[in-house]
2 protein chains.
Amino acid sequence: MARSDTRFREAYNQLLMHCETLPLEGEIPSEMQLAEMVGVSRTVVRRCLSRLKEQNVISWEGREKRLLRRPRVEDRIAMPEASQPTRDLEQRFLGWVLKFDVPANTPLSVAELSRTFDVPQYDLKEFLAGLSRFGLVSRRPKGGWMLLGFTKEYAIELSDFRSVLESNAVMQVAEAPVDHPVWDALAELRQDHLALKAAIDTDFHEFSKLDERFHQTINSVVKNRFIAEFQKVISLIFHYHYMWDKTEEKGRNAAAIDEHLKIIDALEARDGEAARDAAQRHLRTSKTTLLSSLRHHDLG
Amino acid sequence: MARSDTRFREAYNQLLMHCETLPLEGEIPSEMQLAEMVGVSRTVVRRCLSRLKEQNVISWEGREKRLLRRPRVEDRIAMPEASQPTRDLEQRFLGWVLKFDVPANTPLSVAELSRTFDVPQYDLKEFLAGLSRFGLVSRRPKGGWMLLGFTKEYAIELSDFRSVLESNAVMQVAEAPVDHPVWDALAELRQDHLALKAAIDTDFHEFSKLDERFHQTINSVVKNRFIAEFQKVISLIFHYHYMWDKTEEKGRNAAAIDEHLKIIDALEARDGEAARDAAQRHLRTSKTTLLSSLRHHDLG
DNA sequence: CTTATGTATTAAATAATAAAAAGCCAAATA
DNA sequence: TATTTGGCTTTTTATTATTTAATACATAAG
């Protein structure tokens with residue numbers, strides 16, 4: 001009932017590996033050096049050395065440490081099977097919400113989420129606390145958490161916010177120096193848009209990926225940690241919704257391609273104002289699409 | 001070693017109070033009604049009733065519950081002294097960081113913070129997880145947390161972001177309907193600015209409050225949860241820094257008053273473009289001030 | 001005099017646990 | 001018969017206890 005000793009196990013195995021590179025009776029480096037090597041505190045190193053001595057792999061007397069015998073495979077400590085990485089929890093959680101169409105104002109059970117996502121409860125608590133800053137979840141008065149979005153209001157506010165951020169991004173692109181990599185990327189995007197436009201009848205579902213790439217390219221010009229953080233969530237949400245709303249998909253995508261091309265035109269002409277206007281028109285369309293996809297869910 | 005029974009204690013005392021309003025031998029409402037009343041689960045209500053019966057305050061047999069005697073003051077359960085509210089932890093934390101000029105890349109000890117702020121450790125974990133979304137803190141590889149901001153880069157990106165948000169807000173104000181409360185607020189702000197301008201030689205330190213009010217008024221027009229969340233942090237940070245940077249304060253404030261007035265002029269003329277330009281000029285000044293205040297800290 | 005070790009102190013992660021909430025069912029009421 | 005109520009069970013949450021790990025400090029070795 002306490003913190004796991006994964007650190008110790010990992011360090012122990014690493015030290016074993018290091019021992020294999022040493023000659024028999026060879027001198028083992030100082031505790032501090034070992035700690036540095038393995039990226040762990042001296043406390044852990046000493047625990048490892050204790051065990052190595054116990055197992056008669058090394059001798060250890062004061063600062064004299066020597067290799068007694070060659071380490072064997074069975075000397076290694078088994079690692080507790082690594083659970084799913086907590087890293088992409090955000091992706092998985094938002095995906096779950098959108099895929100299963102979890103309605104607004106659903107109580108979230110940390111215990112249950114912990115099971116579905118195979119993530120310890122305290123990691124989830126931390127994660128949810130972070131999401132609450134985006135207004136996606138909140139604490140319930142009687143304890144626990146609650147999923148707030150995606151209501152119509154949320155979608156509207158998110159779209160508006162996206163509009164604000166992306167208008168700014170477009171303006172910045174227009175003012176980027178000629179040798180900025182964004183220009184090559186845009187030229188390539190133009191080709192890909194034209195290619196898809198030509199094959200729209202069969203390949204229209206390919207647009208989703210292209211769309212994401214387009215917006216990412218535009219936004220990559222803005223070097224701002226706050227905006228970047230939000231973009232991650234925004235693009236995820238829009239992306240998922242489009243994937244699920246299949247009504248009029250071909251027509252919608254064809255129209256979006258033209259809108260994108262207009263933005264590229266304006267940008268390459270270095271006309272910031274025109275680009276911003278084109279971008280805003282495009283984002284208004286996106287907003288409408290997002291809202292109508294919500295309406296379909298309501299009815300279905 | 002488990003969750004506190006504050007809920008029970010509070011509920012018990014509330015039920016005692018309710019009993020006082022009842023006549024002797026009076027019927028006590030159903031468990032569900034009591035639970036609803038006190039805002040607590042039936043489980044807690046039943047625990048309370050058990051104790052009330054034990055203390056001979058009520059009789060309780062099946063669904064027949066009657067008041068046996070008038071509750072006395074000593075029947076109440078003592079409440080564990082409420083620690084500092086976790087509510088304004090954000091204010092206190094940011095205040096602490098800025099006031100003591102905690103440098104960037106300082107390791108934060110949850111244990112220590114818990115003591116200084118008189119807040120349980122898990123609350124702090126949640127809070128820090130939230131702040132990490134703003135890029136102010138992050139997890140350290142070997143565990144624990146680390147304060148990232150306020151570096152020069154952070155200040156620049158924050159200022160730029162603020163600029164984006166506030167330009168948008170200003171544009172929206174310009175398009176607000178004539179009966180929107182913002183117009184009255186702006187008229188009042190104009191008077192207060194003029195008054196302070198007249199008395200600038202003596203009252204220049206009053207500007208800080210006025211500044212906050214001005215920006216809050218502008219931003220209040222934008223109804224957007226994402227923007228609102230950020231504004232809280234942004235205004236807090238800018239505000240604190242100005243409070244601590246005393247160089248040239250009078251001159252700076254006098255100039256800012258004029259900049260504010262120009263924005264108000266443009267807004268009242270319903271000239272969105274002009275208002276945005278004026279706002280951007282003002283925010284550029286703010287950015288410079290913020291950066292120079294950081295530089296002073298570096299030198300001092 | 002610097003660097004490494006031994007020891008003590010402090011902090012962090014996390015499982016265990018009491019408190020609270022939610023769920024279920026039969027009995028009682030209307 | 002439909003609905004509410006109370007007794008009981010199960011699940012979940014908040015919070016602590018405890019183990020692991022990190023850090024600080026004194027002491028010894030080179």
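Here the structure is a predicted model, which means the values were calculated and not measured. Sequence lines set the chain letters: A, B, ... in the order given, protein chains first and strands last, and positions in each chain run from 1.
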Report task. Assess whether ring pair (Phe, Tyr, Trp, His ring centres under 6.0 Å) is satisfied between B/Phe230 and B/Phe134, documenting all intermediate values. Result -> CA-CA 8 Å; B/Phe230 260 106; B/Phe134 290 139; 4.7 Å; yes
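None of A/Arg66, A/Arg46, A/Glu54 except one satisfies the side-chain contact (heavy atoms from CB on, under 4.5 Å) rule with A/Trp60; the exception is A/Arg46. Exactly one of B/Arg7, B/Arg3, B/Arg9 qualifies for a side-chain contact (heavy atoms from CB on, under 4.5 Å) with B/Asp5. That residue is B/Arg9.
In the set D/dA22, D/dT12, C/dT5, C/dT5 carries the atom at the smallest distance from any side-chain atom of A/Arg63. Of the candidates D/dT12, C/dA4, C/dA20, C/dA20 carries the atom nearest the B/Phe8 side chain, counting heavy atoms from C-beta on.
For the pair A/Arg9 and D/dA21, the criterion of a side-chain N or O lying under 4.0 Å from OP1 or OP2 is not met. Between A/Ser4 and C/dT14 there is a side-chain N or O to OP1 or OP2 distance below 4.0 Å. Under 4.0 angstrom from either OP1 or OP2 of C/dA20 there lies no side-chain N or O belonging to B/Ser41. Contact annotation: B/Arg3 does not reach the phosphate of D/dA17 (side-chain N/O to OP1 or OP2, under 4.0 Å). Between B/Lys125 and C/dA12, a side-chain N or O to OP1/OP2 separation shorter than 4.0 Å is absent. Contact annotation: B/Arg47 side-chain N/O to C/dA20 OP1/OP2 distance is under 4.0 Å. Taking 4.0 angstrom as the limit, A/Thr43 places none of its side-chain polar atoms (N or O) nearer than this to OP1 or OP2 of D/dT23. Listed pair A/Lys142 / D/dT12 fails the phosphate criterion, with no side-chain N or O lying under 4.0 Å from OP1 or OP2. For the OP1/OP2 pair of D/dG6 and a distance below 4.0 Å, the side-chain nitrogens and oxygens of B/Arg46 include no atom meeting the criterion. A close approach under 4.0 Å does not occur between any side-chain nitrogen or oxygen of A/Arg139 and OP1 or OP2 of D/dT13.
In this structure, CG of B/Leu34 is placed 17 Å from P of D/dT4, rounded to the nearest angstrom. Here C/dT2 presents its P atom at 14 Å from CE of A/Met32, a figure rounded to the nearest Å. Across the protein-nucleic acid pair, A/Lys65 atom NZ and D/dA29 atom C1' stand 13 Å apart, rounded to whole Å. Protein atom CD of A/Glu36 is 14 Å distant from nucleotide atom C1' of D/dA22, rounded to whole Å. In this entry the distance linking CG of A/Asp123 with C1' of C/dA13 reads 10 Å, nearest Å. With rounding to whole Å, A/Met146 atom CE is found 16 Å from C/dA21 atom P. Residue A/Arg140 contributes atom CZ, which lies 12 Å from atom P of D/dT12 at whole-angstrom precision. Counting to the nearest Å, the P atom of C/dT10 and the CD atom of B/Glu112 are 12 Å from each other.
Within 3.5 Å, a donor on the side chain of B/Arg42 pairs with an acceptor on the base of D/dG7, or the reverse.
Taking for each of B/Gln33 and A/Leu108 the nucleotide of DNA chain D with the nearest heavy atom, the 5'-most of the two is the partner of B/Gln33. Heavy-atom distances to DNA chain C give each of B/Val44 and B/Val110 a nearest nucleotide, and the one nearer the 5′ end belongs to B/Val110. Both A/Gly62 and B/Arg7 sit near DNA chain C, but only A/Gly62 has its closest nucleotide nearer the 5' end. Of the two residues near DNA chain D, B/Glu64 and B/Tyr122, the one whose nearest nucleotide lies more 5' is B/Glu64.
Looking at A/Phe127 and A/Val119, their side chains never come closer than 4.5 Å, going by heavy atoms from C-beta outward.
Across all strands shown, A/Trp145 has no heavy atoms under 4.0 Å from either base or sugar-phosphate atoms. Residue A/Leu124 is out of contact with every strand shown, counting any heavy-atom pair closer than 4.0 Å.
Considering every non-hydrogen atom in both A/Asn13 and A/Arg76, the closest pair reads OD1-CA, 3.4 Å.
Because its NZ or CZ atom is not both nearer than 6.0 Å to the ring centre of A/Phe117 and within 45° of the ring axis, A/Arg92 does not count as a cation-pi partner of that residue. A cation-pi arrangement, defined by a distance under 6.0 Å to the six-membered ring centre and an angle within 45 degrees of its axis, is present between A/Arg139 and A/Trp145.
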